[in-house]
Trainee: 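Please find one structure pasted underneath; my questions will follow.
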Amino acid sequence: MPNATDPTHPAPASAPEPAADNGVDGRPETAEQARALQDRLRPLVVTTGPGPADVRRVAGLDVAYAEDSDRLAAAVVVLDPDTLQVLERSVVLGHARFPYVPGLFAFRELPSLVEALDGLSVPPDLLVCDGQGLAHPRRFGLACHLGVHTGIPSIGVGKTAFVGTYDTPPPHRGAASDLVLDGDVVGAVLRTQDNVKPVFVSVGHGLDLAAACRHVLALSPHFRLPETTRQADTACRAALAQATAAGLARDAVRSD
DNA sequence: GCGACAG
DNA sequence: ATCTTGTCGC
């Protein structure tokens, strides 16, 4: 098992000595275990097909972090894909479960996002995640992980590139270019607005790239980011702000 | 060997 | 991710 030369081995906050190779069957505790889990789940990803026949509930997912600690707020906001009106919101407070390591991002947010998803009255038909899907070193970004974990079709929408090379797409809304990694098209660089920086769309699970782009465009009639992402971002930030304010107020009373 | 590196 | 108000421009 030669793997003692990994420079990015993060040794999570409270990493106990891995006397045995546990963790792969639960929450991984080391970067090595996390990567092994990704490699094990990767074959379960479905990257073809049009996706759900009729999407009635589209969910946007996002997480906001407190500046200091590892406290966080994870939000899932469900929208009607036709009217883009909010149907339901679910937000949970929690803490980061893993240090931020490029490529292992999902292990940080997934537990809290799943908790938020469990708080919904009705499971959504499609997930729009803040981050990459197949556009990942091991083709298993957050969107893939959430899709496989929940069984719900998912799409990854990143604000910046993570992996791959691409040509700048034409400046008009709807224009796209391939995001290529090792000869594979792992995503699309998509313009959601005229003359606005493109977003990075990749398949998460349960549909193909064309379908993913179609959904992202439909969800972004006025702004660069899909309305799902915008709503989720607003929701988790608000929750974190209120939690912080409540915490400060409580501390103030204590010191009185 | 030296950077780069989703959020 | 987070630090961060007003401001220039369409």
Side-chain angles (χ1 to χ4, degrees), chain A residues 5-10 12-13 31 34-35 38 42 45 60-76 91-114 116 127-147 154-166 171-173 179-182 186-190 193-205 209 212 216 222-226 228-241 243-245:
Chain A
T5 59
D6 188 339
T8 63
H9 200 299
R35 294 192 185 96
Q38 291 181 323
R42 168 65 186 86
V45 176
L61 300 82
D62 193 19
V63 171
Y65 294 88
E67 70 272 346
D68 187 329
S69 68
D70 61 352
R71 290 183 311 108
L72 60 76
V76 177
V91 185
V92 302
L93 296 176
H95 61 88
R97 312 304 175 83
F98 210 80
Y100 171 68
V101 180
L104 301 180
F105 178 55
F107 296 96
R108 213 172 149 65
E109 307 191 335
L110 189 129
S112 295
L113 287 172
V114 169
L127 308 179
V128 177
C129 310
D130 195 19
Q132 320 291 330
L134 293 179
H136 175 279
R138 284 172 297 286
R139 312 298 199 275
F140 198 72
L142 173 67
C144 299
H145 206 142
L146 271 167
S154 64
I155 300 170
V157 180
K159 294 181 286 294
T160 63
F162 179 30
V163 294
T165 58
Y166 60 92
H172 60 278
R173 169 180 156 83
L179 179 61
V180 179
L181 178 62
D182 298 325
V186 297
V189 183
L190 177 69
Q193 296 297 317
D194 291 349
N195 299 101
V196 168
K197 184 194 304 186
V199 295
F200 298 79
V201 179
S202 56
V203 168
H205 177 63
L209 184 56
V216 171
H222 304 311
F223 303 100
R224 179 191 178 221
L225 296 177
T228 36
T229 298
R230 290 166 47 78
Q231 288 290 343
D233 180 78
T234 297
C236 60
R237 289 196 191 206
L240 192 60
T244 300

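Letters go in sequence order (proteins before strands), and every chain restarts at 1.
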Trainee: Which whole-number value in Å describes the distance from A/E109 CD to C/dA1 P?
Mentor: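 Computing the A/E109:CD to C/dA1:P distance gives 9 Å.
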Trainee: Roughly, in whole Å, what's the span from CD in A/E67 to C1' in C/dC3?
Mentor: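 Computing the A/E67:CD to C/dC3:C1' distance gives 9 Å.
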Trainee: Would you call the rings of A/Y100 and A/F105 parallel, tilted or perpendicular if under 30° counts as parallel and over 60° as perpendicular?
Mentor: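 Answer is perpendicular, since the angle exceeds 60°.
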Trainee: Would you indicate what A/A135 reaches in the nucleic acid, counting non-hydrogen atoms under 4.0 angstrom: base, sugar-phosphate, or nothing?
Mentor: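 Nothing, no heavy atom under 4.0 Å.
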Trainee: Do side-chain atoms of A/T228 reach the backbone of A/G60 as a donor and acceptor pair under 3.5 angstrom?
Mentor: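 Judged by distance alone, no pair lies under 3.5 Å.
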Trainee: Is a donor on one side and an acceptor on the other found under 3.5 Å between the side chain of A/Q193 and the backbone of A/L225?
Mentor: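 No; zero donor-acceptor contacts below 3.5 Å.
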Trainee: Over all strands shown, is A/G158 touching base, sugar-phosphate only, or nothing at heavy-atom distances under 4.0 angstrom?
Mentor: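 A/G158: backbone/sugar contact only, no base atoms under 4.0 Å.
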Trainee: Take the protein atom CD of A/Q193 and the nucleotide atom P of C/dC10, then report the distance between them rounded to whole Å.
Mentor: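 Taking atom P of C/dC10 as the reference, CD of A/Q193 is at 18 Å.
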Trainee: Just how far, in rounded Å, is C1' of B/dA6 from CZ of A/R139?
Mentor: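 Atom-to-atom, A/R139 to B/dA6, this comes out as 15 Å.
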Trainee: Using the six-membered ring for Trp and the full ring for Phe, Tyr or His, decide whether A/F162 stacks on the six-membered base ring of B/dA6 (centres under 5.5 Å, planes under 30°).
Mentor: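 A/F162 ring centre within cut-off of B/dA6 base, planes near parallel; stacks.
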Trainee: Rounding to an integer number of Å, can you tell me how far A/L72 CG sits from C/dA1 C1'?
Mentor: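 Nearest whole value for this atom pair: 11 Å.
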Trainee: Rounded to whole Å, how long is the line connecting atom CG of A/L104 with atom P of B/dA4?
Mentor: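 For the pair A/L104 CG and B/dA4 P, the rounded distance is 20 Å.
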Trainee: In terms of the angle between their ring planes, are A/F140 and A/H145 parallel, tilted or perpendicular, with boundaries placed at 30° and 60°?
Mentor: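 A/F140 vs A/H145 ring planes: tilted.
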Trainee: Applying the side-chain contact (heavy atoms from CB on, under 4.5 Å) test to A/P226, which of A/D130, A/I155, A/V157 qualifies?
Mentor: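 It is A/V157, the one option of A/D130, A/I155, A/V157 that forms the side-chain contact (heavy atoms from CB on, under 4.5 Å) with A/P226.
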Trainee: Could you check how far CG of A/D62 sits from C1' of C/dT2, rounded to whole Å?
Mentor: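 Rounded to the whole Å, the gap is 13 Å.
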Trainee: Which part of the nucleic acid does A/G156 contact within heavy-atom distance under 4.0 Å: base, sugar-phosphate only, or nothing?
Mentor: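 The residue A/G156 makes no contact with any strand.
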Trainee: Do we see A/Y100 stacking on the base of B/dG7, given a limit of 5.5 Å between centres and 30° between planes?
Mentor: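 A/Y100 vs B/dG7: stacking yes.
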Trainee: Looking only at side-chain N and O atoms, does A/K159 come under 4.0 Å of OP1 or OP2 in B/dA6?
Mentor: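 The answer is no; no side-chain N or O of A/K159 sits under 4.0 Å from OP1 or OP2.
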Trainee: Whole angstroms only, please: what is the CZ-P distance between A/F105 and B/dA6?
Mentor: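 After rounding, the gap between these two atoms is 10 Å.
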Trainee: Would you tell me if any nitrogen or oxygen in the side chain of A/R108 comes within less than 4.0 Å of OP1 or OP2 on B/dA6?
Mentor: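 A/R108 to B/dA6 OP1/OP2: no side-chain N or O under 4.0 Å.
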